[in-house]
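Heads up, the thing below is written out as structure tokens.
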Amino acid sequence: MKPDTCDFFRDVAVMMADAARTVIRPWFRAPFDVVSKADKSPVTVADRTAERVMRAILAELLPEHGVFGEEFGLENEKARYRWLLDPVDGTRSFVTGRPLFGTLIALLEDGEPVIGLIDQAVTQERWLGVKGQKTLFTSPLGGNAQTRACHELAQAEMSCTSPEMLEMAPHEGWKVLKKNTARMTWGGDCYAYGLLALGQIDLITECDMNPWDWAALVPVIEGAGGKITAWDGSSLRADGDRTVLAAGNAVLHEKAVRMLRSSQDI
């Protein structure tokens, strides 16, 4: 991708995040109906409206691109460039008034994430990752996107969105990993990955993840100095096993992969 093209695509991602924030923020802690989808996950007017707004921007500026959103599916399937949209990742937190959710926007080039954005509409924090570049973090609270130099599992702060998520794990190696880290904290959805990029969390082990859940995280985590793959250390892909392992650095990541591999049959 040429630099000027990349800059334009990045600007489009920021434009969509700005629009989604404008839609989502007024609904936070406001009364609205919550609908349960077929998989029993919740969806709200904020999710649907934010995705419609982002799709409208893409239809106007980049009509030749593909779009795959959590709420309204896939368009232009054969396009080289495909945007993945998750308007409210962490809807459970959103509907219960917790600011531990975010909007996820990713651009794939031939299936590889090249731009990723996490936006928190309430705290007004934003992580913007571009392949090969340092992640940019903007926040009224200050801070920089830089992972923590934690190389030992025994000192690592580990995180996962929920115990229920890990019921879908391909094996229970995560339990061994959990026992060998300093602490395990539950909750966060995509916001936890933003915290990892800020050096507040060292390790995230999750599963049952869709492409729109992880695609935006890849440039953000890598651009902050971290590493993110499947549990077995392989690159994340749409037809993979839906596991995600993120670490603040390659050394810690390799130790976590080895422990997960060695404990698969436990």
Side-chain angles (χ1 to χ4, degrees), residues 1-18 20 54 57-58 61-62 64-69 74 76 78-86 89 102-120 125-139 143-148 190-199 201 204 206 209-230 232-240 242-254 257:
M1 186 173 16
K2 296 179 180 179
D4 56 344
T5 301
C6 180
D7 289 347
F8 178 63
F9 292 167
R10 180 201 60 207
D11 291 345
V12 172
V14 170
M15 189 182 305
M16 286 192 287
D18 288 344
M54 290 189 287
I57 290 171
L58 290 173
L61 297 177
L62 295 166
E64 72 279 10
H65 283 200
V67 186
F68 193 12
L74 176 62
N76 202 4
K78 298 186 181 301
R80 177 184 181 187
Y81 292 104
R82 177 182 296 179
W83 293 89
L84 271 62
L85 309 175
D86 190 348
D89 181 77
T103 297
L104 292 175
I105 299 169
L107 175 63
L108 308 187
E109 180 181 16
D110 297 325
E112 180 184 4
V114 292
I115 294 176
L117 190 152
I118 307 171
D119 187 75
Q120 216 303 320
E125 295 171 284
R126 180 173 295 171
W127 293 259
L128 176 61
V130 178
K131 181 183 176 182
Q133 299 181 23
K134 181 174 173 55
T135 296
L136 176 65
F137 176 64
T138 54
S139 166
N144 296 300
Q146 180 61 57
T147 57
R148 192 163 76 103
C190 68
Y191 192 73
Y193 292 85
L195 294 176
L196 188 147
L198 294 179
I201 293 172
I204 300 176
E206 298 191 324
M209 298 278 276
N210 294 298
W212 54 77
D213 294 318
W214 55 256
L217 308 176
V218 176
V220 170
I221 295 297
E222 292 180 348
K227 187 167 182 178
I228 179 169
T229 67
D232 63 3
S234 62
S235 297
L236 293 168
R237 61 183 195 276
D239 61 349
R242 302 183 69 180
T243 62
V244 172
L245 173 68
N249 57 77
V251 173
L252 186 66
H253 182 273
E254 178 57 30
V257 169

field: For Pro113, the option from Leu107, Leu108, Leu84 that meets side-chain contact (heavy atoms from CB on, under 4.5 Å)
entry: Leu108
Separation between CG of Leu74 and CZ of Arg82, rounded to the nearest 0.5 Å: 5.0 Å
query: Which residues satisfy the side chain to side chain contact (heavy atoms under 4.5 Å, CB included) test with Val244, sequence neighbours excluded?
result: Tyr193, Met209, Trp214, Ile228, Leu236
Please tabulate, for side-chain N and O atoms in residues 8-17, each donor-acceptor pair with protein atoms closer than 3.5 Å (sequence neighbours left out).
unit_1	atom_1	unit_2	atom_2	d
Arg10	NH1	Asp7	OD1	3.4

field: Check: Gly194 main-chain N/O paired with Trp127 side-chain donor or acceptor under 3.5 Å
entry: yes
- request: Give a yes or no answer on whether the side chain of Asn249 reaches the backbone of Val251 with a donor-acceptor pair at less than 3.5 Å.
  value: yes
- request: List in chain and number order the residues that pass side chain to side chain contact (heavy atoms under 4.5 Å, CB included) with Glu109, two or more places apart in sequence or in another chain; answer none if no residue qualifies.
  value: Met1, Arg80, Tyr81, Val114
query: With Lys227, which residues qualify under salt bridge (charged side-chain N to carboxylate O under 4.0 Å, His left out), at least two apart?
result: none
field: For Glu125, side chain to side chain donor-acceptor pair (under 3.5 Å) partners two or more places apart
entry: Thr123, Tyr191
message: Arg237: which residues meet the salt bridge (charged side-chain N to carboxylate O under 4.0 Å, His left out) condition with it, sequence neighbours left out?
response: Asp239
message: Checking the side chain of Lys131 only, and the main-chain atoms of Glu222 only, is there a donor and an acceptor separated by less than 3.5 Å?
response: no
message: Tell me every residue that passes side chain to side chain donor-acceptor pair (under 3.5 Å) with Ser234, counting only those two or more places apart in sequence or in another chain.
response: Asp232
message: Applying side chain to side chain donor-acceptor pair (under 3.5 Å), can you list everything that pairs with Glu254, at least two apart in sequence or on another chain?
response: none
query: In this structure, which one of Leu117, Thr135, Thr138 forms a side-chain contact (heavy atoms from CB on, under 4.5 Å) with Leu128?
result: Leu117
- request: Grab the two heavy atoms, one from Gly66 and one from Ala79, that are nearest each other, plus how far apart they are.
  value: N-CB, 3.3 Å
- prompt: Is the shortest heavy-atom distance from the side chain of His65 to the side chain of Asn76 under 4.5 Å?
  reply: no
task: Mind checking salt bridge (charged side-chain N to carboxylate O under 4.0 Å, His left out) for Asp18 and listing every partner two or more places apart, or none if nothing turns up?
output: Arg126
statement: Contacts of Thr147 meeting side chain to side chain contact (heavy atoms under 4.5 Å, CB included) (sequence neighbours excluded), chain-then-number -> Leu196, Ala224
- prompt: At what distance, to the nearest 0.5 angstrom, does CD of Glu206 lie from CG of Leu245?
  reply: 10.5 Å
- prompt: For Leu217 and Leu104, what are the C-alpha separation, side-chain angles and deciding distance, and is it a side chain to side chain contact (heavy atoms under 4.5 Å, CB included)?
  reply: CA-CA 8 Å; Leu217 308 176; Leu104 292 175; 4.0 Å; yes
- line: For Asn144, the side chain to side chain donor-acceptor pair (under 3.5 Å) test, sequence neighbours excluded, returns none
query: Between Asp89 (side chain) and Cys190 (backbone), is there a donor-acceptor pair under 3.5 Å?
result: yes
query: With side chains defined as the heavy atoms from C-beta onward, is the minimum distance between Trp83 and Leu62 less than 4.5 Å?
result: yes
task: Could I get the full list of side chain to side chain contact (heavy atoms under 4.5 Å, CB included) partners for Ala20, not counting sequence neighbours?
output: Ile24, Ala50, Met54, Thr103
statement: For Pro219 and Gly116, the nearest pair of non-hydrogen atoms, with its separation, is CG-N, 3.6 Å
